[in-house]
Student: 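Structure provided below as structure tokens; questions to follow.
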Amino acid sequence: MTSQPKIDSIPKHYNPGTTEEKWYNYWEEHNLFHSTPDDREPFAVVIPPPNVTGVLHMGHMLNNTIQDVLVRRARMQGKNTCWVPGTDHASIATEAKVVQKLRKKGIKKSDLSREKFMDHAWEWTEEHGGIILQQLRTLGASCDWKRTRFTLEDELYEAVITCFIKLYEDGYIYRGKRMINWDPAAQTALSDEEVIHKEVQSKLYHIRYPIKNTNRFVTIATTRPETILADTAVCVHPDDERYSDLVGQTAIIPLVNREVEIIADDYVDPEYGTGCLKITPAHDTNDYELGLKHNLEIIDMLNADGTLAESARFYVGKDRFEARKLIIKELEEKNLLVDTEEMPNKVGYSERTDAVIEPRLSLQWFCRMEELSKPALENVMNDKIRFHPAKFKNSYQHWMGNIRDWCISRQLWWGHRIPAWYYGNGADEYVIARDEQEALKKAREKSGNAGLSADDLQQDEDVLDTWFSSWLWPISVFDGIEHPENEEINYYYPTRDLVTAPEIMFFWVARMIMAGYYFRGEKPFGNVYFHGIVRDEKRQKMSKSLGNSPDPLKLIEQYGADGTRVGMLFASPAGNDLLFDESLCEQGRNFSNKIWNAFRFLMMNKQEGKNYTPSLELDPENLADRWMMARIKQTLTDVEKDFDSYRLNEALKKLYSLVWDDFCDWYIEVSKADTPGEPMPVKNLERALGLFELLMKMLHPFMPFITEEIWQRIQERSPEDALTISEWPSLDDDIDTDADKLFSQIQEQISAIRNIQSEMGVSPKKELTILAKTADKTMADDLKQHSWIYNKFLSVESIEFSPELHKPKASASALVQGTELFIPLEGLIDLDKERRRIEKEISQTEGFLKSVEKKLSNQKFVENAPDDVVDRERQKKSDAESNIKKLKESLQNLAG
RNA sequence: GGGUUCAUAGCUCAGUUGGUUAGAGCGUUGCAUUGACAUUGCAGAGGUCGGCAGUUCGAAUCUGCCUGAACCCACCA
């Protein structure tokens, strides 16, 4: 970098492309994001690990932008920040992709051995894995890349197994035959959370079952008529008089002609449908419970892939939905279908494959949750772990309070294989062990058969739910499971902030909290920030399948990472969904360009051969300097508050306004030399640069690239002085309110005069005579001292401040905080227009006065309201009265 | 069915413990333009704060009901 940037070397438009790449490489090369434990306060954040084969989508963009803002600010605050990146093996999602890819090549999963399949999966992972991490760099994510982890890597695999064994030994994990959610497409069990209930229009079929030895029928209602093939009872309510005589009799299931008992149970709602329920214990959770209670036969009529099994006896091999149609047709022909009713119905779908879920009785592994959930619930409710926004505590509480056991086994290969080894076929003939050798030892002990060999052992074929590894993430990335006392886990854990979407609160957040307390006796993080879902203008969720999502990388290319980040955050109020619109990124890009040009202007004012040192030593005589500093201090205070409550978009908006409205529109304008082309005085420019540097610091967490670029262009810096690790501004809270008030008043006056120019159609170039009649002499003197400021914004021929001025004829007027401004506009003024202007203001002020008077004339208000409130109203009254008087005079003057 | 949240300008949202005839950004209208920036500047228009009732001297803010929207949870065929 050369010592003196030349204005020619600064393009008119900011060009993010090469700049961003340059600085990202710089930060990474100089290790500025790498963290190791030291004596500073730790600030660790673990990334919600994206799927290893995933590509960056808008949700990631938002999620990681927020994390990066938090992390970068903490880093500048001198905290030892450690943002751990990584990826998730995403068991079912990745396996589905691999299966699909193999199918295209003509290879079926069932033709492959487990080992061969895993080879393909790893190959795929290595090919596509990590793309997303590379993409995060273009966004500017300041992760500690040396710490990149993968949930299926060896170390984390060990951690998962260790946890499984511990939970098993502590009695939390058990194996059992239960009703579970079966995904016939992926052919695996799912947890309750992986089932999405959608409301669909269904048909409720009323079907007649003949009653044995009579010519009577009983009519049942069902949405899944194919399951009648596995019916083993019919059930009515015990108090239902319509059917009381039928209880104990035998009904004949159509088609299969199975004879089943008509039983009574108060589970049945007599009001619903026909009040008569068919019972299919193998294919419905409730029916299963009833089946157990009444000791009914269980007939499993479905294969794993959703086709009808031999036990169905009819339509064997047909898909369940095809069988449904055929059965309805047959029932119709046999005159057993009485009625078909349209009905809204909730149907469960697989989160991953979108297949309709079948409840299925199956032998699976489960984790008991009740005990684990207790500290996890308590410590969120008592704010030891803080949720932002807090409203999410409600749904968390509800879920935790009704938690059910977690089905953790999956009939997949891509994942952590369950460490159970079977040495026989009995329900109890297995051991839990870390490896085969240990398993053999345990199996020999348990069975009492010392002759068992490795060949007699069979490891469980299933793998664990993906979330069974993700729930350990805040611990396992620091190796805290295998080495619970290592320096890193002790230093970084608990982590500070977790940033995620509410949709995975139960999948992940709740379970991490449970794991944190169970495996380490400590919360995994202090704060959880829930951001919204990224939607399009029509409020539809942005997704690849809908095709309504822009390509994030294209956005970055087009608007810059800084511009895109700003665009995302602008639209993202805390806890609300984000309605994404590309115009927001455009706004972000424009903001980058504005900043760039402010910088460009300052550089233009550098004089050849002179050295400049940015300075914060303000000139007490320079009102604009004092005002700008006051604005910066005030904004910084507000921004800190916003950060504390995770209102990042509010913080950003304030900074946006500080830079654009205050610095560019006012401060720079004031700072301009009197004659164009003449550079600013050296001292003035140094102060302007000093203030501008403060702005760059405050903006850095949001717009890391452009701020670093400018920072390093203002002065030559070494990597130790890079903006990204510079000190976050800490300014005293002694805000110069005098300067702020006076300058604001001048601003208002200038706006009022501009308003006159605009409304009267007076060209801004026309030189004005300005007469300011102030309330008193002090004010006149104060303003007079800063009359030069008016010259920067208006064409001024002469300006006069005094409490004793009279309104000249044919002049426009304005009233600003008690000061009357008169602008003689002989020949230019439209008297009618001006009259209307003043009349409008009088009527507004009179309306205001009326409302104040109404309050003050209310005896109860004067008696009950606090004194300061009443005083304020009185002040408003007298101000309004005086203003009206002045305006009326002005009006009269105009006529005279 | 249970629960939660929300309803403020055309759009997206602020509005801290009730006390300035309600604020911002975008959009919109008019004007401006030979250098920091048209990826710009200046000025304006636009809301009886979903409805009704109540508490209070005073309600966008608190309470109740109604209407409307969204989300979460749940085994009702």
Student: In whole Å, what is the span from the CZ atom of A:Arg836 to the P atom of B:A45?
Tutor: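 Interatomic distance, CZ of A:Arg836 to P of B:A45: 14 Å.
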Student: Please tell me if A:Asn864 has a side-chain N or O lying less than 4.0 Å from either OP1 or OP2 of B:C57.
Tutor: yes
Student: Would you kindly give the NZ-to-C1' distance between A:Lys346 and B:G2, to the nearest whole Å?
Tutor: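 These atoms are roughly 12 Å apart.
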Student: Quick one, A:Ser857 and A:Glu853 - any side-chain contact, counting heavy atoms below 4.5 Å?
Tutor: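 The answer is no; the side chains never approach within 4.5 Å.
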Student: For B:U12, does OP1 or OP2 lie under 4.0 Å from any side-chain N or O of A:Arg535?
Tutor: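 Checking B:U12 against A:Arg535, no side-chain N or O comes under 4.0 Å of OP1 or OP2.
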Student: Using a 5.5 Å cut-off between ring centres and planes within 30 degrees, is A:His13 stacked on the base of B:U39?
Tutor: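 Taking the rule of under 5.5 Å and under 30°, the ring of A:His13 does stack on B:U39.
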Student: Just checking A:Arg224: base, sugar-phosphate only, or nothing, at a heavy-atom cut-off of under 4.0 Å?
Tutor: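 Nothing: the residue A:Arg224, judged by heavy atoms under 4.0 Å, touches no strand.
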Student: Among the candidates B:A36, B:C73, B:C37, find the nucleotide nearest to the side-chain atoms of A:Ala598.
Tutor: B:A36
Student: Which one of A:Asp562, A:Leu555, A:Ile556 satisfies the side-chain contact (heavy atoms from CB on, under 4.5 Å) criterion with A:Tyr559?
Tutor: A:Leu555
Student: Return the nearest nucleotide to the side chain of A:His398; candidates are B:A36, B:C73, B:U20.
Tutor: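 Closest nucleotide among those given: B:C73.
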Student: Within the structure, does a side-chain N or O atom of A:Asn755 lie under 4.0 Å from either OP1 or OP2 of B:G44?
Tutor: yes
Student: Any chance NZ of A:Lys393 has more than 12 other-residue heavy atoms, nucleotides or ligands included, within less than 6.0 Å?
Tutor: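 Result for NZ/A:Lys393: enclosed.
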Student: Is any side-chain nitrogen or oxygen of A:Asn394 closer than 4.0 Å to OP1 or OP2 of B:C72?
Tutor: no
Student: In terms of side-chain geometry, is the basic nitrogen of A:Glu358 or A:Arg224 positioned less than 4.0 Å from the acidic oxygen of its partner?
Tutor: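 Result for this pair is yes, salt bridge flagged.
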Student: Could you please name the option among B:U39, B:G44, B:U20 that lies closest to any side-chain atom of A:Glu759?
Tutor: B:G44
Student: Take N1-N3 plus N6-O4 or O6-N4 for Watson-Crick, N1-O2 plus O6-N3 for G-U, both under 3.5 Å. Which runs of 3 or more such pairs involve RNA chain B?
Tutor: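 In RNA chain B, stems of three or more pairs: B:1-7 with B:67-73, B:10-13 with B:23-26, B:28-32 with B:40-44, B:50-54 with B:62-66.
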Student: I want to verify a distance call: between B:A77, B:U20, B:C57, whose nearest atom is closest to the A:Phe848 side chain?
Tutor: B:U20
Student: May I have the distance from A:Arg647 (atom CZ) to B:A14 (atom P), rounded to whole angstrom?
Tutor: 8 Å
Student: Answer yes or no on whether A:Lys594 is positioned over the face of A:Phe663, meaning its NZ or CZ is under 6.0 Å from the six-membered ring centre and within 45° of the axis.
Tutor: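 No - A:Lys594 does not lie over the ring of A:Phe663 by the 6.0 Å and 45° rule.
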Student: State which of B:C75, B:U5, B:A77 makes the closest approach to the side chain of A:Asn286.
Tutor: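 The answer is B:C75.
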Student: Are OP1 or OP2 of B:U39 and a side-chain N or O of A:Arg589 less than 4.0 angstrom apart?
Tutor: no
Student: Can you name the one residue among A:Tyr656, A:Phe570, A:Phe702, A:Trp596 that meets ring pair (Phe, Tyr, Trp, His ring centres under 6.0 Å) with A:Phe591?
Tutor: A:Tyr656
Student: Using OP1 and OP2 only, check whether a side-chain N or O of A:Tyr272 sits under 4.0 Å from B:C76.
Tutor: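 No, A:Tyr272 has no side-chain N/O under 4.0 Å of OP1/OP2 on B:C76.
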Student: Could you tell me whether A:Pro359 contacts a base, only the sugar-phosphate backbone, or nothing, with contacts defined as non-hydrogen atoms closer than 4.0 Å?
Tutor: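 The answer is nothing, as A:Pro359 stays clear of every strand by at least 4.0 Å.
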Student: A:Val268 near the nucleic acid: base, sugar-phosphate alone, or nothing, with a heavy-atom cut-off under 4.0 Å?
Tutor: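 Base contact.
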Student: Would A:Arg511 count as a cation-pi partner of A:Trp406, with NZ or CZ less than 6.0 Å from the six-membered ring centre and within 45° of the ring normal?
Tutor: yes
Student: Please state how far atom CH2 in A:Trp660 lies from atom C1' in B:G41, giving the value in whole angstrom units.
Tutor: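 From A:Trp660 CH2 to B:G41 C1': 11 Å.
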Student: For A:Glu650, answer base if it contacts any base atom (sugar-phosphate contacts may also be present), sugar-phosphate if it contacts only those atoms, and nothing otherwise; contact means non-hydrogen atoms under 4.0 Å.
Tutor: sugar-phosphate
Student: Going by modelled atom types, is there a donor-acceptor pair between the base of B:C37 and the side chain of A:Lys594 at under 3.5 Å?
Tutor: yes
Student: What nucleotide, of B:G19, B:U5, B:A43, holds the atom closest to the side chain of A:Val869?
Tutor: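 Of all the options, the side chain of A:Val869 is nearest to B:G19.
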Student: Any donor-acceptor pair, under 3.5 Å, between the side chain of A:Asn858 and the base of B:C57, if you only look at N and O atoms?
Tutor: no
Student: Nearest to the side chain of A:Arg754, heavy atoms from C-beta on, is which of B:G35, B:U20, B:A43?
Tutor: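 So the side chain of A:Arg754 is nearest to B:A43.
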Student: Measure OH/A:Tyr656 against P/B:A14 and give the value in whole Å, please.
Tutor: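 Going from A:Tyr656 (OH) to B:A14 (P), I get 19 Å.
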Student: With a 6.0 Å cut-off on the ring centroids, do A:Phe599 and A:Tyr14 count as close?
Tutor: no
Student: Could you state the atom-to-atom distance from CZ of A:Phe580 to P of B:C26 in whole Å?
Tutor: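 Rounded to the whole Å, the gap is 17 Å.
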Student: Please state whether the phosphate of B:A74, meaning OP1 or OP2, lies under 4.0 angstrom from any side-chain nitrogen or oxygen of A:Asn402.
Tutor: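 A:Asn402 to B:A74 OP1/OP2: no side-chain N or O under 4.0 Å.
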Student: NA contact type, A:Lys654, heavy-atom cut-off 4.0 Å: base, sugar-phosphate, or nothing?
Tutor: nothing
Student: I need the CZ-C1' distance between A:Phe793 and B:A32, as an integer number of Å.
Tutor: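 Value for this atom pair: 17 Å.
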Student: Please confirm whether the shortest side-chain N or O distance from A:Lys840 to OP1 or OP2 of B:A45 is below 4.0 Å.
Tutor: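 Checking B:A45 against A:Lys840, a side-chain N or O does come within under 4.0 Å of OP1 or OP2.
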Student: Give a yes/no on whether any side-chain N or O of A:Thr274 is located under 4.0 angstrom from OP1 or OP2 of B:A77.
Tutor: no
Student: Please determine, for the side chain of A:Ser758, which listed nucleotide (B:C37, B:G30, B:U12) has the closest atom?
Tutor: B:G30
Student: Rounded to whole angstrom, note down the P distance from B:C73 over to B:A14.
Tutor: 24 Å
Student: Identify whether any heavy atom of A:Glu669 sits under 4.0 Å from a base atom; if not, whether one sits that close to sugar-phosphate; answer base, sugar-phosphate or nothing.
Tutor: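 Base contact.
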Student: Of the candidate nucleotides B:A36, B:C42, B:U5, which contains the atom at the shortest distance from the side chain of A:Asp665?
Tutor: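 For the A:Asp665 side chain, the nearest candidate turns out to be B:C42.
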Student: A:Leu277 side chain: which of B:C75, B:A77, B:C37 is closest?
Tutor: B:A77
Student: Does A:Lys653 make a side-chain N or O approach to OP1 or OP2 of B:A14 shorter than 4.0 Å?
Tutor: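 Indeed not, no polar side-chain atom of A:Lys653 lies that close.
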Student: Do A:Asn864 side-chain atoms and A:Lys860 backbone N/O form a donor-acceptor pair below 3.5 Å?
Tutor: yes
Student: Report the distance from atom CG of A:Leu569 to atom C1' of B:C26, rounded to the nearest whole Å.
Tutor: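 A:Leu569 atom CG is separated from B:C26 atom C1' by 16 Å.
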Student: Please report whether the ring centroid of A:Phe530 lies less than 6.0 Å from that of A:Phe392.
Tutor: yes
